[in-house]
There are 2 protein chains.
Amino acid sequence: MAPITVEHIAERIWLSIAERRLRPGMRLKEAELAEIFGVSRARIRQVLTALERDGLVKTEANKGAIVAEPSAEEARDIFHIRREVEQRVLARLIGHLDAEKLLDLFAHVAKERAANATNDQREIIKLSGGFHLMLAEMAGADFLWGLMRDLVSRTSLITAAFRDSDKYNCGPDEHEELLMHLKNGDLQKAQHAMVHHLEHVENELKLSGNLDLARSLKDALL
Amino acid sequence: MAPITVEHIAERIWLSIAERRLRPGMRLKEAELAEIFGVSRARIRQVLTALERDGLVKTEANKGAIVAEPSAEEARDIFHIRREVEQRVLARLIGHLDAEKLLDLFAHVAKERAANATNDQREIIKLSGGFHLMLAEMAGADFLWGLMRDLVSRTSLITAAFRDSDKYNCGPDEHEELLMHLKNGDLQKAQHAMVHHLEHVENELKLSGNLDLARSLKDALL
DNA sequence: GTCGACATTATTGTCTACAATAACGGCTTT
DNA sequence: AAAGCCGTTATTGTAGACAATAATGTCGAC
């Protein structure tokens with residue numbers, strides 16, 4: 001049996017948040033999580049600090065951790081910064097790209113397509129974020145990769161919080177279009193496609209209106 | 001006496017790195033640090049994960065932590081992203097600014113000036129970074145604030161690694177000029193001043209120089 | 001009956017001891 | 001003598017026990 005690692009647990013929680021099974025504001029008690037995953041509290045503590053770093057949970061001293069409750073303004077900040085980071089990633093990637101990497105990327109998109117066909121939500125979420133992280137990793141820029149991991153996590157949370165439908169769709173088509181431009185070595189078009197892609201995701205969220213799902217108790221009663 | 005908190009230790013190490021008393025590549029053994037600061041290893045562990053999040057140290061599984069060794073390319077990435085984030089901070093700040101906050105900001109610059117006058121390096125470092133964090137905090141944007149904390153830390157490291165002179169100078173004059181534009185409510189000029197300020201800092205680095213060896217850990221921290 | 005102080009309980013924060021792992025040095029072997 | 005294997009040692013990873021803190025419920029006074 002595979003060992004239960006910190007990353008494994010963190011991913012599990014991330015997916016639960018992205019799938020809306022864990023809602024913003026929900027409390028995450030250490031002992032409870034330790035019981036569920038069959039590990040010690042020390043391990044859970046590491047998981048929670050990692051999740052906090054990625055903006056998925058918020059912890060307060062002596063009060064424990066809850067699933068983060070992003071505001072609409074924060075969501076816009078995140079998309080704004082993400083736009084810049086992704087463009088930078090592409091600029092750095094252009095120099096490091098070779099045929100093998102391109103093949104890997106296209107293969108990844110193929111997997112996304114397969115997951116979409118079978119409607120496997122969990123897989124779709126993992127692969128959608130994975131595509132963007134893959135670009136950052138191939139760019140060989142550790143700092144940007146770390147930022148992207150953060151931004152992808154936060155985007156998942158935002159999507160879960162502000163999207164109407166249950167579908168999480170960072171579409172394969174737009175990913176593939178992007179790859180075509182990369183294959184042609186056309187940075188500007190690739191960046192443009194990326195920006196368009198992100199705007200597409202952002203525009204499907206209800207960021208302007210009042211958010212109605214999973215607010216805190218006091219907000220719900222006022 | 002004040003209790004030794006995690007943040008306190010982290011700041012202490014951050015300052016040592018910024019002052020070049022801890023050099024990139026230097027090993028940070030948990031037991032040693034615990035001894036020096038008179039706390040348990042568990043506490044040190046928290047400190048190291050916090051420092052890793054801010055890009056100041058790099059840890060490898062079962063191999064411990066070392067002071068991070070940023071590359072010149074990474075440095076450029078960091079400055080590039082920081083430029084965007086700072087501009088966003090200013091954009092968000094404009095709406096939240098009032099007379100009291102402006103006074104606090106000017107007071108902060110005055111402190112910077114005082115520290116410069118007495119040539120108190122440690123204070124200069126703290127205040128220089130603090131100014132930028134103050135802007136982010138006043139903007140009321142948690143996400144951007146977190147990013148800025150990260151970026152300020154990394155900038156300190158970069159400055160320590162790639163700068164010739166021992167002076168760390170995020171000048172008060174340029175900070176004050178920025179504040180004047182904010183006071184006038186002129187976002188564009190403020191952003192322009194910020195970009196210029198950051199370029200100024202970046203241009204004083206030499207991105208080909210490399211680093212030399214390490215002294216003892218105790219000496220670096222005392 | 002309501003407000004406030006106090007005791008109780010639940011939860012997080014910290015420390016110490018133990019286990020696992022990787023670096024180091026000596027030994028054997030060719 | 002050099003290279004590779006193996007045992008020792010140093011260092012990190014993990015777990016469980018204990019302490020501190022905040023939330024909750026209860027009792028008493030006005």
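Each chain gets a letter, A, B and so on, in the order the sequences are listed, and its residues count up from 1. Being a predicted model, the structure only gives us computed values, none of them experimental.
For the 3.5 Å distance criterion, the side chains of A:S156 and A:W14 qualify, holding a donor opposite an acceptor.
Within 3.5 Å, a donor on the side chain of A:R41 pairs with an acceptor on the base of C:dG13, or the reverse.
With rounding to whole Å, B:E35 atom CD is found 12 Å from C:dT16 atom P. Between the CD1 atom of B:I4 and the C1' atom of C:dT14 there is a distance of 15 Å, rounded to whole Å. The CD1-C1' distance, from A:I44 to D:dG13, rounds to 16 Å in whole Å. With rounding to whole Å, A:I9 atom CD1 is found 10 Å from D:dT14 atom P. The distance from atom CD of A:E32 to atom P of C:dA10 is 14 Å, rounded to the nearest whole Å. A:R45 places its CZ atom 15 Å from the P atom of D:dT14, with the value rounded to the nearest Å. Rounded to whole Å, atom P of D:dA15 lies 14 Å from atom CD of A:E30. Between A:E7 atom CD and D:dG13 atom P there is a gap of 12 Å when expressed in whole angstrom units.
Phosphate contact (OP1/OP2 of D:dG13, side-chain N/O of A:Q46, threshold under 4.0 Å): absent.
Aromatic ring centres of A:H108 and A:H175 lie farther apart than the 6.0 Å criterion allows.
For the side-chain contact (heavy atoms from CB on, under 4.5 Å) test, residues two or more places apart in sequence or in another chain that qualify with A:E123 are A:A115, A:D120, A:K126, A:L127.
Within residues 53-67 of chain A, the residues having any heavy atom under 4.0 Å from DNA chain D are, by residue number, A:N62, A:K63.
Under 4.0 Å is where a charged nitrogen must lie from a carboxylate oxygen, and between B:R53 and B:D150 no such pair does.
Within a 6.0 Å sphere centred on CD of A:E35, heavy atoms belonging to other residues, nucleotides or ligands number 12 at most. Annotation: A:K101, atom NZ; neighbour count of heavy atoms from other residues, nucleotides and ligands within 6.0 Å is above 12.
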